[in-house]
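The structure appears right after this line, and notes come after that.
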There are 2 protein chains.
Amino acid sequence: MAEPMYRQIADDLRRQIEAGELPPGARLPTEIELMERYNASRNTVRDAIKLLISRALVETRAGQGTFVVETINPFVTTLTSDPETGRGGGEGDVYIAEVTAGGRTTVISDPRVEIQRAGAATADALRIEEGDQVVSRHYQRFIDGTPFSLQTSLYPMSLVSRGATRLLEAQDIVEGTVVYLADTLGIKQVGYRDSIQVRPPDEPEISFFRLPADGQVAVFEIYRVSFDETGKRFRLTITVYPVDRNRLRIDVGAVPPRADDAAPGGPAPAGSAGGSAPGRGS
Amino acid sequence: MAEPMYRQIADDLRRQIEAGELPPGARLPTEIELMERYNASRNTVRDAIKLLISRALVETRAGQGTFVVETINPFVTTLTSDPETGRGGGEGDVYIAEVTAGGRTTVISDPRVEIQRAGAATADALRIEEGDQVVSRHYQRFIDGTPFSLQTSLYPMSLVSRGATRLLEAQDIVEGTVVYLADTLGIKQVGYRDSIQVRPPDEPEISFFRLPADGQVAVFEIYRVSFDETGKRFRLTITVYPVDRNRLRIDVGAVPPRADDAAPGGPAPAGSAGGSAPGRGS
DNA sequence: GCAAATTTGTTCGTATGTATT
DNA sequence: CAATACATACGAACAAATTTG
């Protein structure tokens, strides 16, 4: 018994899915039927299904069954700046332009505006003291009706006291906050730094993005710190993207227009392009 | 019974870990002891532990026990080009410089060189025909003795027939392949495009990186296509990074020196900075 | 609207296999 | 070889979600 049975079952089901015998949206046999077909106990069948869930191949719905996931058309966010305008990728109108260029539609919620005290991560990123007040502007973003990302921008309260009072209004700043801060306070964004992590989703994210409750599908978390001409940090933007429906892109130097490239890999070609680790990996 | 018991147990253990009662490296009580402590069955205790594994908080070692993960000092790869040299981040000597700048040491394997036929993803990325021959140069990279990344560069075979024969040698090209191709064939890299996905690791990756066998810890997969002056695609580099020990960084415009920023979040501050989705997420 | 049937979710108990010390 | 600890597998029962009649 080299391979455990639950993995053999999972492999067989995966093969059927990848061969198209079980197309996206199809319902798998019930656990009882799979028990009989593979001559295994229900727990073993369920272990196999859990493996497929963790690989994002199927999803279960209590009372209904287990279904092959509908392949989500991933959205590609270009993080480097728009070469035309120099404005940062993934934000405001640059984001909207990128969505509509792909023939898709986006809905962005009105901002939820809060005054908060800076936590350790925020204080460090903005070079302020922990506990200092910051303005938080939080957006939910949908593409073609599906939740795709959550974005929160944090500004030091000092910007408001210096006159950027519209940061406190719970409505969109149509010209974009970068332009607004430039017009109002003369703060020009000359650069930004993104830091990208991957982590399991927290409870609110699971609920908003409708992710599996056990945290199998991770999220990208991108911290973007914006710098003005004097090297001062005036904004921290945190964007959260579920990895199952988002890709990131970076353009450096002279590259062809964006439309030229689709994102590689639908259901993860898994090393097909290059082969992976040889056997001497231990 | 709002919360299932296995999640309550997981939450309690997580609290102990985050409070430092169970410091990194500590062994958790055995499953039998946890059964008694929480008055639950062994299966339920194991379900709780599985949840902690998927959050990368603990790891199990058969025959030994369950341990709080040693917090890995994440390595930060800057994907945008080095402003000094213009060379791409994460490759060759730029990678080495970034590792040593952090006071760490890296070991890079000799390349494993193969002639392959292009799969669909490779052919699409390099704009060649599926089945065309490509040269694959594959490296394993370690930092401070721990496996951190796998990198495979693919070159159209036409480069070799045009004279870049050292691509076939199974030894490092010390000046870097970008410089070598410029010297030999006059192919200058003027830009590149990165596409970033996250997917579960495949078997060789699990073994090389020593990841949990059930694929709970995902990997970054970065496709980098390099362009020459004529807009031609002459190289595809695929780099795989486990997300539990790697961060990515992007610098755009005028930003402070790289050393200034640590990566945020050790064990995932989980929305602490901004709050996440409000309740209207459904 | 309600009740029954179906299907997955959670929990228990037990036995045996495999890896490590 | 023996003891310990996790890994896999079986069987059973009840709960919760959903659909159907």
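Order of the sequence lines sets the chain letters (A, B, ...), proteins ahead of strands, with each chain counted from 1. No experiment lies behind these values; they were computed from the predicted model shown.
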Between [options], spot the one nearest the side chain of [X], thanks.
X	options	value
B:Arg7	C:dC12, D:dA9, C:dT10	C:dT10
A:Ala40	D:dC10, C:dT21, D:dA5	D:dC10
B:Ser41	C:dT21, C:dT11, C:dT8	C:dT11
A:Tyr6	D:dT18, D:dT8, C:dT11	D:dT8
A:Asn43	D:dC10, D:dA9, C:dG9	D:dC10
B:Arg42	C:dT10, D:dA9, D:dA7	D:dA7

Value in whole Å for how far the [atom2] atom of [N] lies from [atom1] of [X]:
X	N	atom1	atom2	result
A:Met35	D:dA9	CE	P	14 Å
B:Leu51	C:dG9	CG	P	14 Å
A:Glu59	C:dG9	CD	C1'	16 Å
B:Asn39	C:dC12	CG	P	8 Å
B:Gln64	C:dT20	CD	P	7 Å
B:Phe67	C:dA19	CZ	C1'	13 Å
B:Asp47	C:dG9	CG	C1'	10 Å
B:Met5	D:dA15	CE	P	13 Å

Quiz prompt | Residue that, paired with A:Thr239, satisfies side chain to side chain donor-acceptor pair (under 3.5 Å) out of A:Arg141, A:Gln151, A:Glu91 | solution =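 Running side chain to side chain donor-acceptor pair (under 3.5 Å) over A:Arg141, A:Gln151, A:Glu91 with A:Thr239 returns exactly one hit, A:Gln151.
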Would you tell me if any nitrogen or oxygen in the side chain of [X] comes within less than 4.0 Å of OP1 or OP2 on [N]?
X	N	result
A:Thr44	D:dC10	yes
B:Thr66	D:dC6	yes
A:Thr60	C:dG9	yes
A:Arg27	C:dT7	yes
B:Arg46	D:dA5	no

Quiz item: Which residue, B:Glu31 or A:Val45, contacts DNA chain D at a nucleotide closer to its 5' end, judged by nearest heavy atom?
Solution: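 The 5'-side residue here is B:Glu31.
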Quiz item: Do A:Asp194 and A:Tyr223 come within less than 4.5 Å of each other through their side chains, counting heavy atoms only?
Solution: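 A:Asp194 vs A:Tyr223: side chains apart.
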Looking at [X] and [Y], does any basic side-chain N land under 4.0 Å from a carboxylate oxygen?
X	Y	result
A:Arg249	A:Glu98	no
A:Glu18	A:Arg14	yes
B:Glu114	B:Arg137	no

